[in-house]
Amino acid sequence: MKDIQYLQKDDKVSTGSSGSYKAMSEEKVTQIVRESLITHGLVILPVAQTHCRNELRDKENILKGYLSIVDTQYKIVDIETGQFELLASSGTGADSQDKGVGKAMTYSYKYLLLRTFAIPTGDDPDKVSSASLDEQHELEKSKRAAEDAKKLPALQAKWQTLAGSLDGFNDWHMKQKNNGVTNEQMNELLAKKLLERTKESA
């Protein structure tokens with residue numbers, strides 16, 4: 001605690017069109033605390049862990065990814081005497097693939113170091129209510145939906161060029177939307193089909 005009086009946030013996290021916020025990177029926390037651990041002959045070991053993974057779905061019940069939750073027990077050991085203390089920390093990580101647990105472990109370890117050694121960062125999560133975060137999330141979602149909707153006319157034009165009419169477009173479009181595919185991604189898909197047709201006829 002005497003070695004590290006304060007850590008200044010060194011990272012910036014984007015929240016999309018609504019801007020960004022400052023954050024403390026795990027790399028900086030680990031690097032600074034590691035120096036003191038070496039100096040004072042301490043080592044931190046993860047000795048037990050449980051985790052689970054939950055689906056993240058929007059209001060339309062469309063799967064958007066997974067939220068991994070990790071509860072880890074750590075042992076902080078004095079390497080000279082063997083004396084130790086058991087510590088606990090938790091973390092969450094959102095990911096659409098298989099990196100959620102790794103993200104959650106990183107979050108858990110970072111806050112273990114910050115809270116165990118009472119390192120201030122100027123960060124107070126309680127100052128931002130869950131309602132405010134939810135409102136911000138919904139606003140961002142609405143903005144993304146509005147931007148995506150602007151791409152619908154171009155998407156219809158590509159379909160009509162390929163099929164000769166808009167027959168079947170609405171059913172196809174709805175099915176793609178239900179699978180989480182955006183208008184922009186559908187535009188890219190039809191653009192590829194148009195390119196392939198052009199090459200075939202050349």
Side-chain angles (χ1 to χ4, degrees), residues 1 3-4 6-79 84-130 132-134 136-138 140-141 144 179-182 184-185 188:
M1 290 181 182
D3 291 348
I4 308 169
Y6 178 80
L7 286 180
Q8 186 174 8
K9 295 176 183 178
D10 63 329
D11 203 359
K12 183 176 288 187
V13 179
S14 174
T15 58
S17 57
S18 63
S20 61
Y21 63 89
K22 292 182 178 179
M24 176 66 67
S25 71
E26 182 270 342
E27 180 181 6
K28 180 175 182 177
V29 176
T30 300
Q31 178 184 359
I32 299 298
V33 176
R34 181 178 184 273
E35 295 174 1
S36 289
L37 293 175
I38 293 172
T39 299
H40 298 287
L42 299 175
V43 62
I44 299 176
L45 307 169
V47 293
Q49 184 183 89
T50 61
H51 74 271
C52 64
R53 190 171 79 157
N54 301 318
E55 292 183 346
L56 290 175
R57 295 182 177 272
D58 61 16
K59 291 183 178 179
E60 288 74 37
N61 201 37
I62 297 175
L63 181 64
K64 294 300 182 181
Y66 300 92
L67 180 69
S68 295
I69 304 171
V70 169
D71 295 309
T72 305
Q73 186 177 63
Y74 296 90
K75 179 188 288 187
I76 181 167
V77 185
D78 183 323
I79 62 174
F84 65 88
E85 293 288 341
L86 292 175
L87 310 170
S89 186
S90 299
T92 58
D95 192 74
S96 60
Q97 301 296 326
D98 60 353
K99 296 180 176 61
V101 171
K103 291 180 178 180
M105 290 175 64
T106 297
Y107 187 97
S108 172
Y109 188 68
K110 178 177 75 171
Y111 278 95
L112 170 84
L113 298 178
L114 292 174
R115 298 300 173 253
T116 298
F117 299 108
I119 302 172
T121 64
D123 180 25
D124 188 354
D126 290 335
K127 289 182 178 179
V128 182
S129 68
S130 296
S132 298
L133 292 174
D134 290 341
Q136 180 181 358
H137 175 72
E138 289 300 321
E140 292 172 5
K141 182 179 175 182
R144 289 195 298 268
N179 289 330
V181 183
T182 65
E184 182 176 4
Q185 292 170 328
E188 293 174 358

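In this text, all values refer to a predicted model and were calculated from it rather than measured experimentally. We're numbering straight along the sequence, starting at 1.
Between the side chain of Thr106 and the main chain of Gly102, a donor-acceptor pair closer than 3.5 Å is present.
With sequence neighbours left out, Thr116 forms a side chain to side chain donor-acceptor pair (under 3.5 Å) with no residue at all. Not counting sequence neighbours, Asp58 has no partner by the side chain to side chain donor-acceptor pair (under 3.5 Å) test. Among residues two or more places apart in sequence or in another chain, the side-chain contact (heavy atoms from CB on, under 4.5 Å) test is passed with Ile76 by Leu42, Ile44, Glu85, Leu87, Phe117. Considering only residues two or more places apart in sequence or on other chains, Val47 meets the side-chain contact (heavy atoms from CB on, under 4.5 Å) condition with Leu45, Gln73, Lys75, Leu86. Every residue two or more places apart in sequence or in another chain that forms a side chain to side chain donor-acceptor pair (under 3.5 Å) with Glu55 is listed here: Arg57. Applying the side chain to side chain donor-acceptor pair (under 3.5 Å) test to Thr92 and every residue at least two apart in sequence or in another chain returns nothing.
Between the CD1 atom of Ile4 and the CD1 atom of Ile119 there is a distance of 4.0 Å, given to the nearest 0.5 Å. Here the OG1 atom belonging to Thr182 is positioned 7.5 Å from the CD atom belonging to Glu188, to the nearest 0.5 angstrom. Here the CZ atom belonging to Arg115 is positioned 9.5 Å from the NZ atom belonging to Lys110, to the nearest 0.5 angstrom.
Pairing each heavy atom of Ala104 with each of Gly93, the nearest pair is CB-N, 3.7 Å. Between Ser89 and Ser108, the shortest heavy-atom contact is OG-O, 2.8 Å. Minimum heavy-atom separation, Ala94 to Lys103: O-NZ, 3.2 Å. Minimum heavy-atom separation, Val101 to Ser68: N-OG, 3.5 Å. Of all heavy-atom pairs between Leu63 and Gly65, the closest is CD1-O, 3.4 Å. Across Gly100 and Asp95, no two heavy atoms sit closer than the pair N-CB, 3.6 Å.
Listed by first and then second residue, the ring-ring contact (aromatic ring centres under 6.0 Å, His included) pairs involving residues 31-74 are Tyr74-Tyr109 (not counting sequence neighbours). Among pairs with a residue in residues 30-45, none fulfils salt bridge (Lys or Arg N to Asp or Glu O under 4.0 Å), at least two apart in sequence or across chains.
Between Ser90 and Asp71, the closest side-chain pair of non-hydrogen atoms falls below 4.5 Å.
Under a cut-off of 6.0 angstrom, the local environment of NZ in Lys64 is crowded, with over 12 non-hydrogen atoms contributed by other residues, nucleotides or ligands.
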